[in-house]
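Report on the structure given below.
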Amino acid sequence: MHQGETQELAKYLQTATEFSQEEVKVLPKLLEILAKQHQQQLTAASYKDWLYEVSWQPKPRQLTQISAQEPGSWLILADKWGLGQALANLLQERGESCFLVYPGDGYEVKQPGIWSVNPSNPVDFERLVQEVVETNKLPLKGIVHLWSLEAGLTSELTIPLIQNIQVLGCASTLHLVQALASRLASPRLWLVTRGAVPAVSSLQAPAQASLWGLGKVIALEHPKLWGGLLDLAADAPKDEVVNLLAEIWDSQREDQIAFRKGQRYVARLIRSKVPEARSKRLQSDRTYLITGGLGALGLKVAQWMVEQGARHLMLTGRKQPSAEVVQAIAKMENLGAKIAIAQADVAHWSDMVRVLEEIKTLMPPLGGIFHAVGIIHDGILLQQDWKSFEKVMAGKVKGSWILHTLSQQLQLDFFVTFSSAAALLGSPGQGNYAAANAFMDALTDYRRASGLPGLSINWGLWKDAGMAASLENHHQARLAAQGVESIPLEQGLQILGNLLGKDTAQVGVLPVNWSKFSQQFPEGVVSPFLESFIAIDKKPSLQRTKFLEQLEATPVNERQTVLFAHVQTELVKLLGIDASELEPQQGFLDLGMDSLMAVELKNRLESTLSCSLPATLVFDYPTIEALVDYLLKEAIASLISDESAVKSEETNHQEQVGNESYIDDLSDSEAEALLLGKLNSMRY
């Protein structure tokens, strides 16, 4: 009900019923309050399924012995505390071969099978992987990354120490993945931290948490390479190396695991309870700081705060405010608010000292902080470098830590960081962004353990505000097709207000159609983390797929046509175009395929064909014709037998009938693609 409607209703009630003069005076205000409350209830009902949180659930290992396997080798990025060496000893007792790598200033072979490399130098990792492959007589089964443990647990975190931990964890992992991705044999990569996630108790190592954000993106971009994330207990019990061995040997399909007090926990995404609407208004005699307050979303938050009763705001940004921003600020000041602007970089200590000093001397006491700074530098991991990570992580990691440190002694009502769903679910093409936001998620839990306020909100895409507004139309359409919907501004701001009163460190706000969302995952790729919303395939990941069996049963002279139809179907899903638009010799780039789509196509084909494919697949074979030819003659040639294709003349008719029944089993899109494939096959 809008304001005009409440006024009309007030006039009607005054004439249709008996009210005293005093009652008539309060009718418009009363109806306005009731209408506002009703609207809030309707809005809350619309987002009741948007809120999520991470639940750490006890899940003991199944009582099965570690199965025997063919001997293999392991690459261990070992820590100075000796856990890596202890793990190598256990693996060697089982007949495995191990290579140890320690962080150092440069590339050095310390002794046979032991190296040191520079975590920030990608060339060192290329050389390392090459040497391991050349000297290794056994297949490389797995890689265990323990460098995040190097710094240990310390309450004396500093910006230089945090940056060093990020290099040891995220930079080395980025370079390792890049060095491994060009090889078809994919060992499983396990990333190990200590005290980096809030399983059961508060976390103690927020700087290590960035690796969890990056790991979730690796899982999506390189599923064949992915092993999982494992967080060790802070007290480092003696049996932890035994537990570590058990998980990397067979994690029983789990990929987000934590150990606490001898117990094994796994992460699950669950719905979070919608908090009740807050009736308390923001205080008019306190100052509120919004970093990134001159950006599109930050400015909307500022306007909302003024509507909620705030009268003193400090907005920061790295650039001078635009004319549109100045105009919006003038409107807020016309409502009685006093808006201060500071050109400052939240990642610079001196800038934020200056901002807080200005608040202290010229404004009412600081009452709360919204940290809404963020920049994106998207790209698949194979196209990223550490500079792009540092650029994205500066405001999120350094900035949030500076704000945390400078405000620790202040009596804040809230400390809210604007995080991203990318850190919660992973997001292909956003490895740096997921890593940066995962740090902020951890920081709020770290603060709360110290008795300080803290809330990190993993926002999905905002509609007409924030970074989503800068996405190109085809990217927005693609996200919508995947079931990822945007957050309308009104609902988003109401959620923000309600969450200020929620007693939790982290909440995800994500409008998503899980049925559509599940369709983007290739077979066997979905993490158990999402099992509450997406059915998880419990079958072994190495089994032959249904399509591969169908292809093997197809006569040799028709396999190219069937495989063409299959690739065409995947392209139609990926590009959102009609099958009739695809030509055998048309370049994928001409069709609008970007690097992220190329990764998705590779992963889908790996899943449906049960094979490993090069990371540069689409660029090496840039047309359907070239791709199908490569897949059939090289990638899956050894996986399918020709026995089923040797048919006598007497069985041709039965074979045709069988093909008709096979076509009946196809979806409409697959049948259409098969028909077009038969027509196009005449061009080969």
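One is the number of the first residue; the rest follow in order along the sequence. These values consider heavy atoms only, across backbone and side chains, with no hydrogens, waters or symmetry-generated copies.
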- Item | Side chain proximity check, Lys398 to Gln163, heavy atoms < 4.5 angstrom | yes
- Can you tell me how far OG1 of Thr287 sits from CG of Leu356, rounded to the nearest 0.5 angstrom? 11.0 Å
- Message: Would you say the ring centers of Tyr265 and Trp56 fall short of 6.0 Å from each other?
- Response: no
- Message: Does atom NZ (Lys338) have a neighbourhood of more than 12 heavy atoms from anything else shown, all under 6.0 Å?
- Response: no
- Item | Check: Glu390 main-chain N/O paired with Gln166 side-chain donor or acceptor under 3.5 Å | no
- Message: Side chains of Gln303 and Lys300, heavy atoms from C-beta outward: is any pair under 4.5 Å?
- Response: yes
- Query: Looking only at atom types and distance, does a side-chain atom of Asn118 sit under 3.5 Å from a main-chain N or O of Asp105, one as donor and one as acceptor?
  - Reply: yes
- List the atom of Ser148, the atom of Leu211, and the distance in Å for their closest heavy-atom pair. OG-CD2, 3.3 Å
- Minimum-distance pair of heavy atoms, taken over all atoms of Leu382 and Val177: CD2-O, 4.5 Å
- Do Asn458 and Ser420 have a side chain donor and acceptor closer than 3.5 Å? no
- Under 3.5 Å, is there a donor-acceptor pair between the side chain of Asp385 and the main chain of Ser388? yes
- Centroid-to-centroid, Phe389 to Tyr433, below 6.0 Å? no
- Query: Do Trp147 and Asp79 have side chains that get closer than 4.5 Å, going by heavy atoms?
  - Reply: no
- Hey, mind stepping through Gln408 and Leu403 against side chain to side chain contact (heavy atoms under 4.5 Å, CB included) and telling me if it holds? CA-CA 8 Å; Gln408 283 185 91; Leu403 289 171; over 6 Å; no
- Query: Would you find a donor on one side and an acceptor on the other, under 3.5 Å apart, between the side chain of His348 and the backbone of Ala344?
  - Reply: no
- Query: If every non-hydrogen atom of Ile487 is compared with every non-hydrogen atom of Trp459, which pair is closest and at what distance?
  - Reply: CD1-CE3, 3.9 Å
- Intermediate values then yes/no, side chain to side chain contact (heavy atoms under 4.5 Å, CB included), Leu232 and Leu149: CA-CA 10 Å; Leu232 302 175; Leu149 311 183; 4.2 Å; yes
- Message: Quick one: does any side-chain atom of Thr291 pair with a main-chain N or O of Ala372 as donor and acceptor, under 3.5 Å?
- Response: yes
- Query: Going by distance alone, is a donor N or O of one side chain under 3.5 Å from an acceptor N or O of the other, for Gln320 and Gln343?
  - Reply: yes
- For Arg271, does the CZ atom sit with more than 12 other heavy atoms under 6.0 Å from it, leaving out its own atoms? yes
- Task: Please round to the nearest 0.5 Å and tell me the distance separating atom CG of Leu77 and atom CG of Leu176.
- Result: 6.0 Å
- Message: Could you tell me if the side chain of Ile270 sits less than 4.5 Å from the side chain of Val54, heavy atoms only?
- Response: no
- Query: Is a side-chain N or O of Trp462 found less than 3.5 angstrom from the main chain of Ser486, in a donor-acceptor match?
  - Reply: no
- Neighbour count above 12 (heavy atom, 6.0 Å) for Asp285 CG: yes
- Given Arg194, Gln256, Arg260, Gln208, the one that forms side-chain hydrogen bond (donor to acceptor under 3.5 Å, both in side chains) with Asp231: Arg260
- Message: With side chain to side chain contact (heavy atoms under 4.5 Å, CB included) as the criterion, how do Leu191 and Leu229 come out once you've worked through the C-alpha distance, each side chain's angles and the decisive distance to 0.1 Å?
- Response: CA-CA 5 Å; Leu191 305 177; Leu229 292 155; 3.8 Å; yes
- Task: Give the minimum heavy-atom separation between Thr504 and Leu455, together with the two atoms involved.
- Result: O-CD1, 3.6 Å
- Message: Under 3.5 Å, is there a donor on one side chain and an acceptor on the other for Thr417 and Ser456?
- Response: yes
- Query: Once you round to the nearest 0.5 Å, how far does CD of Gln204 lie from CG of Leu153?
  - Reply: 5.5 Å
- Item | Backbone N/O of Lys391 and side chain of His377: donor-acceptor pair under 3.5 Å | no
- Message: Just so I know, are the side chains of Met332 and Ile329 near enough to count as touching, which here means a heavy-atom distance under 4.5 Å?
- Response: yes
- Query: Do the rings of Trp401 and Tyr446 sit parallel, tilted or perpendicular, given the 30° and 60° boundaries?
  - Reply: tilted
- Message: With heavy-atom distances below 4.5 Å as the criterion, would you say the side chains of Ser407 and Ile369 are in contact?
- Response: yes
- Message: For Val373, is there any backbone N or O sitting under 3.5 Å from a side-chain donor or acceptor partner on Lys396?
- Response: yes
- Query: At what distance, to the nearest 0.5 angstrom, does CD1 of Ile290 lie from CG of Leu297?
  - Reply: 9.5 Å
- Task: Please examine the side chains of Arg447 and His404, heavy atoms only from C-beta on, and report whether any two atoms are closer than 4.5 Å.
- Result: yes
- Query: How are the rings of Phe414 and Tyr288 set to each other: parallel, tilted or perpendicular (split at 30° and 60°)?
  - Reply: parallel
- Item | Closest approach of Pro119 to Phe125 (non-hydrogen atoms, all atoms of both residues) | O-CE1, 3.6 Å
- Between Gly213 and Ala434, what is the shortest heavy-atom contact and its length? O-CB, 3.5 Å
- Item | Main-chain N/O of Gly429 paired to Glu221 side chain as donor or acceptor, under 3.5 Å | yes
- Message: Check this for me, if you would: do Asp445 and Arg448 make a salt bridge, where the nitrogen-to-carboxylate-oxygen distance has to be below 4.0 angstrom?
- Response: no
- Query: Do Ile159 and Thr405 pass the side chain to side chain contact (heavy atoms under 4.5 Å, CB included) test, and can you show the C-alpha distance, the side-chain angles, and the key distance before you say yes or no?
  - Reply: CA-CA 10 Å; Ile159 293 296; Thr405 304; over 6 Å; no
- Item | Point-to-point distance, once rounded to the nearest 0.5 Å, from CG of Leu452 to CZ of Phe415 | 9.0 Å
- In terms of heavy-atom contacts, does CG of Asn334 have more than 12 from other residues, nucleotides or ligands at under 6.0 Å? yes
- Message: Distance check, rounded to the nearest 0.5 Å: Ser272 atom OG versus Lys502 atom NZ?
- Response: 3.5 Å
- Message: Determine whether a donor-acceptor pair (N or O, by modelled atom type, separation under 3.5 Å) exists between the side chain of Arg268 and the backbone of Leu530.
- Response: no
- Message: For Trp212 and Thr193, which I'm curious about, is there any donor-acceptor pair between the side chains at under 3.5 Å?
- Response: yes
- Mind checking whether His371 and Leu289 have side chains closer than 4.5 Å, heavy atoms only? no
